[in-house]
Enquirer: 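First, the structure itself, so that you have it in front of you.
Hydrogens, waters and symmetry mates play no part in the numbers below; they use all other heavy atoms, side chains included. Lettering follows sequence order; numbering is per chain, from 1.
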Number of protein chains: 2
Amino acid sequence: MFSKACEYAIRATIYIARQSQEGLRASLVDISHEIDSPVAFTSKILQQLVKAGIIFSTRGQTGGFFMENSKIESKSVAEIVSAIDGDSIYTHCGLGLKECSGAEPCPVHEKFVEIREKLRSTLETTTISAMASSLKNGLTYLKR
Amino acid sequence: MFSKACEYAIRATIYIARQSQEGLRASLVDISHEIDSPVAFTSKILQQLVKAGIIFSTRGQTGGFFMENSKIESKSVAEIVSAIDGDSIYTHCGLGLKECSGAEPCPVHEKFVEIREKLRSTLETTTISAMASSLKNGLTYLKR
DNA sequence: TTTTAATCGGACAAATATATCCGAATAAAA
DNA sequence: TTTTATTCGGATATATTTGTCCGATTAAAA
């Protein structure tokens with residue numbers, strides 16, 4: 001469904017949000033440890049999230065990654081996904097046809113439109129905040 | 001969603017079914033041309049489908065691929081998908097956790113279970129026969 | 001001012017998925 | 001029997017994704 005990079009991105013963002021809610025910055029090694037991801041690869045992904053304006057970073061000693069409280073509330077998983085994987089998850093034809101559409105559909109088009117729309121609305125309505133909360137309450141996990 | 005191999009597999013199977021309904025065998029080059037796929041790669045995929053018992057093949061002149069009528073009616077897209085991509089599409093955690101489950105869920109677990117179940121039931125209830133029919137009636141396409 | 005601890009950026013490496021090549025095996029047609 | 005047209009199987013090649021290395025940059029602490 002998502003690329004590995006995108007999976008790491010979502011897990012990292014939830015962790016960063018959770019730390020930010022406590023007024024803390026998260027360092028790269030800290031993040032990688034908490035979400036169980038390869039450090040250098042995670043670094044690249046965090047840079048993409050910074051460029052997309054989803055998280056912020058500061059360099060130097062005491063530096064690290066953090067998220068504004070307003071963004072924790074307003075940003076959805078969908079925005080992380082489109083920053084890392086683009087919108088192919090919503091647009092790519094189920095059978096790989098380049099010009100598949102309602103006018104010239106592949107044999108699974110109608111059914112896939114339905115599933116993709118359900119996925120889209122799920123991702124768009126799931127906020128970082130909600131996921132950080134379930135993590136805080138010990139109801140969900142970011143590794144294992 | 002599906003691997004490219006799986007996309008080709010589904011398209012090829014629909015075409016083979018359609019030809020079989022007319023009492024014809026489909027050759028590899030014919031199939032690749034009709035579904036617009038790389039010939040040698042498609043060959044490997046068709047071999048997997050033969051081993052999985054979804055399609056049949058005969059060698060030699062006048063040889064080719066075909067499908068029994070009973071299987072055209074009974075087989076679903078789900079069976080092609082599991083022959084090529086396995087069941088990871090139903091089981092893989094949305095955030096890539098190895099041990100994600102209802103007991104120790106990732107933050108999107110509940111929502112993803114729902115989407116995956118919808119996908120599963122869609123794939124299981126979509127028969128090769130139904131897709132071959134829409135193709136026959138000119139309502140759907142296998143290339144472009 | 002120097003050291004230290006952090007992110008950034010570019011090049012490189014490994015693993016996986018996608019795709020190609022070609023000879024062997026098969027079976028019908030010539 | 002030979003030729004022809006097909007699938008099968010193994011080795012190889014290419015592209016993409018995933019992952020690593022390391023020096024440059026930054027900024028706080030010593």
Enquirer: Measure CD1/B/I35 against P/C/dA19 and give the value in whole Å, please.
Expert: 11 Å

Enquirer: Once you round it to whole Å, what is the distance between P of C/dA19 and CD1 of B/I45?
Expert: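 It is 8 Å, rounded to the nearest whole Å.
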
Enquirer: Summarise how protein sits on nucleotides 24-30 of chain D as a single string, 5' to 3': B when a protein heavy atom is under 4.0 Å from the base, S for sugar-phosphate-only contact, - for no contact.
Expert: -BBBBS-

Enquirer: How many Å lie between CG on B/L28 and C1' on D/dC8, as a whole number?
Expert: 11 Å

Enquirer: Over how many whole Å does the gap from A/I31 atom CD1 to C/dC8 atom P extend?
Expert: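 So the two atoms are 10 Å apart, to the nearest Å.
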
Enquirer: Determine whether A/E22 and A/R18 satisfy the following criterion, salt bridge (charged side-chain N to carboxylate O under 4.0 Å, His left out), listing intermediate values before the conclusion.
Expert: CA-CA 7 Å; A/E22 304 295 331; A/R18 188 68 207 90; 2.7 Å; yes

Enquirer: C/dG9 phosphate, OP1 or OP2: any side-chain N/O from A/Q47 under 4.0 angstrom?
Expert: yes

Enquirer: State whether a side-chain donor-acceptor pair under 3.5 Å links B/T58 with B/R25.
Expert: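 Side-chain D/A pair, B/T58 to B/R25: present.
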
Enquirer: Within this structure, what is the CD-to-P distance between B/Q48 and D/dG10, rounded to whole angstrom?
Expert: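 Atom-to-atom, B/Q48 to D/dG10, this comes out as 13 Å.
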
Enquirer: Hey, are A/R120 and A/E117 close enough for a salt bridge, meaning a charged N less than 4.0 Å from a carboxylate O?
Expert: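 Salt bridge flag = yes for A/E117 with A/R120.
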
Enquirer: Tell me: NZ of A/K51 to P of C/dT7, nearest whole Å?
Expert: 15 Å

Enquirer: A/L49 CG to C/dC8 P: how many Å, rounded?
Expert: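 Value for this atom pair: 11 Å.
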
Enquirer: In this structure, how many angstroms lie between the P atom of D/dA5 and the CG atom of B/D30, rounded?
Expert: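 So the two atoms are 15 Å apart, to the nearest Å.
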
Enquirer: Generate the contact string for nucleotides 11-23 of chain D. Rules: B means base contact, S means sugar-phosphate contact only, - means no protein heavy atom under 4.0 Å.
Expert: B------SBB---

